[in-house]
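For reference, the structure is listed below as structure tokens.
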Amino acid sequence: MIDKTVASFDEAVSDIVDGAFLHMGGFASPFNMPSYLIAALARSGARDLTMTTTSASTGPENAKRLASALADVVTWPQDYWEPGLLAQLGQIRKLITSFPTGTGNVVWPFEERLNAGEAEVEVTGQGSLAERIRAARAGIAAFYTPVGPGTVVAAGKEIRDFEGVPHVLEHALHADFALIRAWKADRYGNLVFRGPRTFNETMAGAARVTIAEVDEMVPLGDLAPDRIHTPGVYVQRVVVRPSTPPASWEEPC
Amino acid sequence: MIDKTVASFDEAVSDIVDGAFLHMGGFASPFNMPSYLIAALARSGARDLTMTTTSASTGPENAKRLASALADVVTWPQDYWEPGLLAQLGQIRKLITSFPTGTGNVVWPFEERLNAGEAEVEVTGQGSLAERIRAARAGIAAFYTPVGPGTVVAAGKEIRDFEGVPHVLEHALHADFALIRAWKADRYGNLVFRGPRTFNETMAGAARVTIAEVDEMVPLGDLAPDRIHTPGVYVQRVVVRPSTPPASWEEPC
Amino acid sequence: MPDTLPGTLPPRLDATVMAMVVVREFFDGAVVNLGIGIPMHCADVIPPDREVLLHSEHGLLGFGPLLRTAEGVDPYCFIVGNRPVQPQPGMVYLSHDESFSIIRGGHIDITVMGGMQVDTEGNLANAHPPGKPAANLGGAQDLATCAKRTMIMMYHTASDGSPKVVERCTFPLTAPRCVDRIVTDVAVMDLEGGHIVLREVAPGWTPEQVQSITGARLVVADDVREISLV
Amino acid sequence: MPDTLPGTLPPRLDATVMAMVVVREFFDGAVVNLGIGIPMHCADVIPPDREVLLHSEHGLLGFGPLLRTAEGVDPYCFIVGNRPVQPQPGMVYLSHDESFSIIRGGHIDITVMGGMQVDTEGNLANAHPPGKPAANLGGAQDLATCAKRTMIMMYHTASDGSPKVVERCTFPLTAPRCVDRIVTDVAVMDLEGGHIVLREVAPGWTPEQVQSITGARLVVADDVREISLV
């Protein structure tokens with residue numbers, strides 16, 4: 001019998017070792033971030049991680065400020081942790097990302113690491129990042145895109161003209177683990193998302209092991225075949241978020 | 001106000017001229033074939049068409065035989081027309097397809113044209129065909145795949161090794177028109193499919209004009225944002241199938 | 001009431017009026033991506049007689065204006081910066097890859113984004129501020145390269161008064177030769193064949209006054225006129 | 001009851017028994033693609049204690065056996081050849097591109113397909129019959145190249161008696177160096193380092209008898225044994 005459920009977040013990330021390459025989903029909202037997987041990774045202490053993320057993220061302190069600035073509009077979940085926490089804890093060696101730094105005067109934890117020479121970054125546009133991850137899921141080794149020539153992202157890469165337009169050759173990004181957030185799952189690992197699906201959908205299947213953090217596990221057959229966004233063959237582990245949030249990310253879960 | 005509805009199939013295909021390049025969706029079932037668009041194309045008489053299809057298809061006579069062979073299992077729709085009809089009428093100059101011929105002793109209309117030297121074929125595996133069409137939708141000029149080297153599909157194409165494995169460079173296929181079949185649409189052209197979505201979903205957006213034949217038009221807002229398979233920005237025209245099938249494909253519709 | 005003291009300049013447009021200038025081009029049915037920051041003002045002033053589909057990179061198409069109170073908030077319907085937006089009928093949620101397929105496949109009619117520098121070749125720099133260790137490219141490179149029309153909506157000069165419309169960008173490029181039109185708080189300019197053509201000036205401004213705060217030579221259109229919102 | 005007349009050969013396995021030999025390898029949770037024709041027999045004999053996810057190229061994952069009467073038919077749940085199959089809980093409908101992303105991204109554990117010729121290097125020819133003007137590649141090239149394990153299920157000899165297991169394929173290749181195992185109506189053979197290793201023979205058959213109807217030299221495994229279905 002297929003059952004991809006894993007009992008705890010700590011167990012789900014237990015084989016993510018130092019130096020692992022991770023795809024990390026979620027973006028632009030506390031409601032689509034794989035927060036419990038991030039917290040478990042923080043507790044595990046795995047270091048020297050290489051990670052793809054849309055954004056390096058703002059970090060716990062800035063997130064708190066944003067939450068109170070938006071308090072009249074959105075009720076912020078208290079169990080929100082993002083990749084900035086891992087940067088703050090010094091667990092990230094390298095990010096491949098489209099937003100490495102804060103805007104204006106805001107300085108993010110990863111940016112502090114960068115400035116201190118303790119981390120490195122490969123800046124890439126979001127489109128090529130998405131396509132490179134999708135290429136890994138789909139078995140494409142590399143592709144030519146018109147986005148990038150004439151800018152820093154093309155440095156050292158092959159440029160070739162197609163119909164007179166320069167294109168840059170971009171390579172697939174295949175990770176050891178993909179950590180994503182979904183809404184509902186069944187025991188096959190079939191996933192349904194809610195809201196913009198961001199990299200959460202894109203990254204599923206682009207790693208040796210895809211781990212989905214979900215709000216709810218439903219019986220097999222409850223998810224209609226036309227409604228499933230991610231087929232279970234892309235997912236190796238599913239962990240359900242607790243109904244009662246822990247007091248802090250440090251609490252085993 | 002956005003309203004992509006077109007009143008008739010004849011009108012929907014009226015600007016498909018001789019020599020046009022078409023993506024033609026549907027495969028493996030009478031219930032996902034853009035049959036009315038095919039019938040309208042047959043009536044229009046547009047010739048010298050280049051077309052991508054999963055299969056050249058069996059043609060009206062063989063389809064009838066198949067329908068009666070399966071009569072105890074499936075009730076065959078009488079308004080089923082497939083690309084074989086266009087081949088029989090001599091409208092296809094070239095197919096880019098993964099199944100150009102019948103199996104065993106069955107000879108398809110397109111195959112007869114091939115044997116007579118009246119048509120040509122570019123045989124491609126279904127995966128590279130799907131990916132080349134998706135590349136057009138997604139703005140990728142070309143990509144490297146490990147599928148094809150050492151076989152006829154790689155003839156004349158660039159081969160490059162990635163991690164010691166030979167890959168072939170395949171180019172995007174961008175058509176003038178994509179003719180597809182969906183289940184429900186709204187006036188923005190948002191589409192929901194039923195059953196395996198085949199090339200119908202893949203081709204939407206991979207042409208200058210995508211035309212969707214649908215079973216039903218629903219009010220804007222009826223299709224939940226999480227359930228829409230194809231966003232309306234990929235679709236230019238929508239035509240609703242008649243509730244009462246015409247007597248033959250020759251009847252204006 | 002233009003300021004007529006010698007050496008001083010007329011008042012500039014505010015962000016809402018700039019947005020009204022930009023949205024003149026949002027035709028009925030247009031698919032539009034608005035950058036975070038000043039371009040988001042456009043969402044508030046789209047004429048109600050036009051259906052414009054707003055696109056956001058993380059997988060959202062067809063949403064409404066930013067919500068500034070808790071009323072009507074769907075916590076799953078938000079744009080970058082964790083800001084909830086108004087859900088609309090016909091809206092679609094997407095994955096990041098499909099969302100960028102929409103951008104890179106040429107399915108966006110108009111992209112409106114902020115700028116740090118634009119030069120005479122239409123090169124755009126808007127991602128890497130001085131002093132930051134790396135660029136925040138986001139989706140700007142994809143949008144600027146692949147949208148059918150790229151509009152830059154920005155203040156004409158930086159906060160220190162230095163020009164942002166320049167002969168040659170000195171900041172790292174977001175994308176080369178991509179800009180079609182620049183809308184600032186004092187002018188509307190088009191990029192044409194290696195020139196920046198001054199099409200419209202803010203009320204009270206002369207072409208010479210616009211030129212005086214611009215870092216590139218402007219070609220004044222024969223029919224240069226005052227910005228009108230019609 | 002093996003035929004013992006000199007010069008004649010023992011009886012061969014039928015398609016159902018061949019399928020039972022193939023499905024021995026379908027582990028619980030395996031993702032399996034079955035080719036049209038003889039491999040589809042496997043769907044009928046999957047042991048009920050194992051959950052095997054069947055994949056079909058046009059966008060179907062997790063379906064059940066072919067339906068041979070109208071009972072339980074969902075006209076939207078079918079496989080290639082317009083044949084309805086049994087819907088199952090956990091089933092997923094997909095687009096063609098995502099379905100091939102599953103194949104080409106290496107997410108298929110086992111592919112079982114028919115063959116016209118397999119040679120000692122594991123080259124496969126199964127798409128272009130003599131006399132036809134072009135090959136019917138379908139998804140065979142993708143599956144044979146990208147599945148974790150490629151199994152060929154075919155009769156040991158063609159209808160005219162000619163061998164299908166050969167030194168070097170003479171028909172156009174579907175994919176080079178892709179075959180892991182061949183299951184025929186008389187033997188089970190593995191491709192290993194440029195050799196075809198004979199692992200199992202049908203009841204009553206000797207390795208020599210199998211060799212006598214084979215077009216390539218077989219390496220007989222030290223532990224060659226009679227096919228068993230356990």
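FYI, side chains are in, hydrogens and waters are out, and symmetry mates aren't considered; it's all heavy atoms of this structure. First the proteins, then the strands, lettered A, B, ... as listed; each starts at 1.
Looking only at heavy-atom pairs under 4.5 Å with chain C, the residue among T145(A), V74(A), V152(A), V121(A) that has the most is T145(A). Chain C forms more heavy-atom pairs under 4.5 Å with one residue of G102(A), G125(A), A28(A) than with any other, namely A28(A). The candidate with the highest count of non-hydrogen atom pairs below 4.5 Å against chain A, out of P176(C), S56(C), P133(C), C77(C), is P133(C). Considering only heavy-atom pairs separated by less than 4.5 Å from chain C, the leading option among P146(A), P30(A), S128(A), G148(A) is S128(A). Among the candidates M91(C), E57(C), E71(C), R104(C), the residue making the largest number of heavy-atom pairs closer than 4.5 Å to chain A is R104(C). In terms of heavy-atom pairs under 4.5 Å with chain A, the best-connected choice from V73(C), L60(C), D74(C), T69(C) is T69(C). Highest contact tally toward chain C, considering only S98(A), G195(A), P196(A), is held by P196(A) [criterion: heavy-atom pairs under 4.5 Å]. Contacts with chain A were tallied for A134(C), A140(C), A144(C); A134(C) has the most, counting heavy-atom pairs under 4.5 Å. Between chain C and the residues A56(A), P100(A), G150(A), the largest count of heavy-atom pairs under 4.5 Å involves P100(A). No other option in A135(C), P84(C), P129(C) has as many heavy-atom pairs under 4.5 Å with chain A as A135(C).
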Exercise. When you look at H229(A) and R197(A), which way does the side chain to side chain donor-acceptor pair (under 3.5 Å) test go after all the steps?
Worked result: CA-CA 9 Å; H229(A) 295 116; R197(A) 299 195 284 279; 3.3 Å; yes
For this session: Given salt bridge (Lys or Arg N to Asp or Glu O under 4.0 Å), test R160(A) with E158(A) step by step and report yes or no.
Result: CA-CA 7 Å; R160(A) 185 188 293 198; E158(A) 180 191 321; 3.4 Å; yes
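Taking the six-membered ring for Trp and the full ring otherwise, the centers of F27(A) and F199(A) sit at least 6.0 Å from each other. F162(A) has its ring centre less than 6.0 Å from the ring centre of H167(A). Ring centroids of F63(C) and H55(C) are separated by 6.0 Å or more, keeping the two rings apart. Aromatic pair F99(A)/W108(A): centroids not less than 6.0 angstrom apart.
Of the two parts of R194(A), the backbone and the side chain both hold a non-hydrogen atom closer than 4.5 Å to a non-hydrogen atom of chain C. Within the 4.5 angstrom heavy-atom criterion, only backbone atoms of R68(C) (N, CA, C, O) approach chain A. Neither the backbone nor the side chain of I103(C) comes within less than 4.5 Å of any heavy atom in chain A. Looking at T58(A), neither its backbone nor its side chain comes within 4.5 Å of chain C, counting heavy atoms on both sides. Looking at V80(C), the atoms closer than 4.5 Å to chain A (heavy atoms on both sides) sit in the backbone and in the side chain alike. Looking at T145(C), the atoms closer than 4.5 Å to chain A (heavy atoms on both sides) all sit in the side chain, from C-beta outward. Of the two parts of P75(C), the backbone and the side chain both hold a non-hydrogen atom closer than 4.5 Å to a non-hydrogen atom of chain A. Contacts between L143(C) and chain A at a heavy-atom distance below 4.5 Å are absent for every atom of the residue. Contacts between T174(C) and chain A at a heavy-atom distance below 4.5 Å involve the backbone alone (N, CA, C, O). Proximity to chain C (any heavy atom under 4.5 Å) is restricted, for P149(A), to the backbone atoms N, CA, C and O. Interface remark: F100(C) contributes side-chain atoms only to the contact with chain A (heavy atom separation under 4.5 Å). Of the atoms belonging to N200(A), not a single heavy atom falls under 4.5 Å from chain C.
Taking every heavy atom of both residues into account, A119(A) and L114(A) meet most closely at O-CD2, 3.4 Å. The two residues T124(A) and L137(C) come nearest to each other via the heavy atoms C-CD1, 4.0 Å.
Within 6.0 Å of CG in N105(A) there are 12 or fewer heavy atoms belonging to other residues, nucleotides or ligands. A 6.0 Å sphere centred on CZ of R83(C) holds no more than 12 heavy atoms belonging to other residues, nucleotides or ligands.
A donor-acceptor contact closer than 3.5 angstrom is absent between the side chains of E201(A) and H96(C). Q117(C) and T170(C) form a side-chain donor-acceptor contact under 3.5 Å, judged by distance and modelled atom types alone. At a cut-off of 3.5 Å, with distance as the only test, no side-chain donor of T54(A) or H58(C) sits close to an acceptor on the other residue.
Contact residues of residues 61-70 of chain A toward chain C are L66(A), L70(A) (heavy-atom distance under 4.5 Å).
Using a 4.0 Å cut-off between a side-chain N of Lys or Arg and a carboxylate O of Asp or Glu, E122(A) and R132(A) qualify as a salt bridge.
D28(C) places a side-chain N or O within donor-acceptor distance of the main-chain N or O of E51(C), the cut-off being under 3.5 Å. Checked by atom type and distance alone, the side chain of N136(C) never pairs as donor or acceptor with a backbone atom of A127(C) at under 3.5 Å. Judged purely by atom type and a 3.5 angstrom limit, E121(C) has no side-chain atom pairing as donor or acceptor with the backbone of N123(C).
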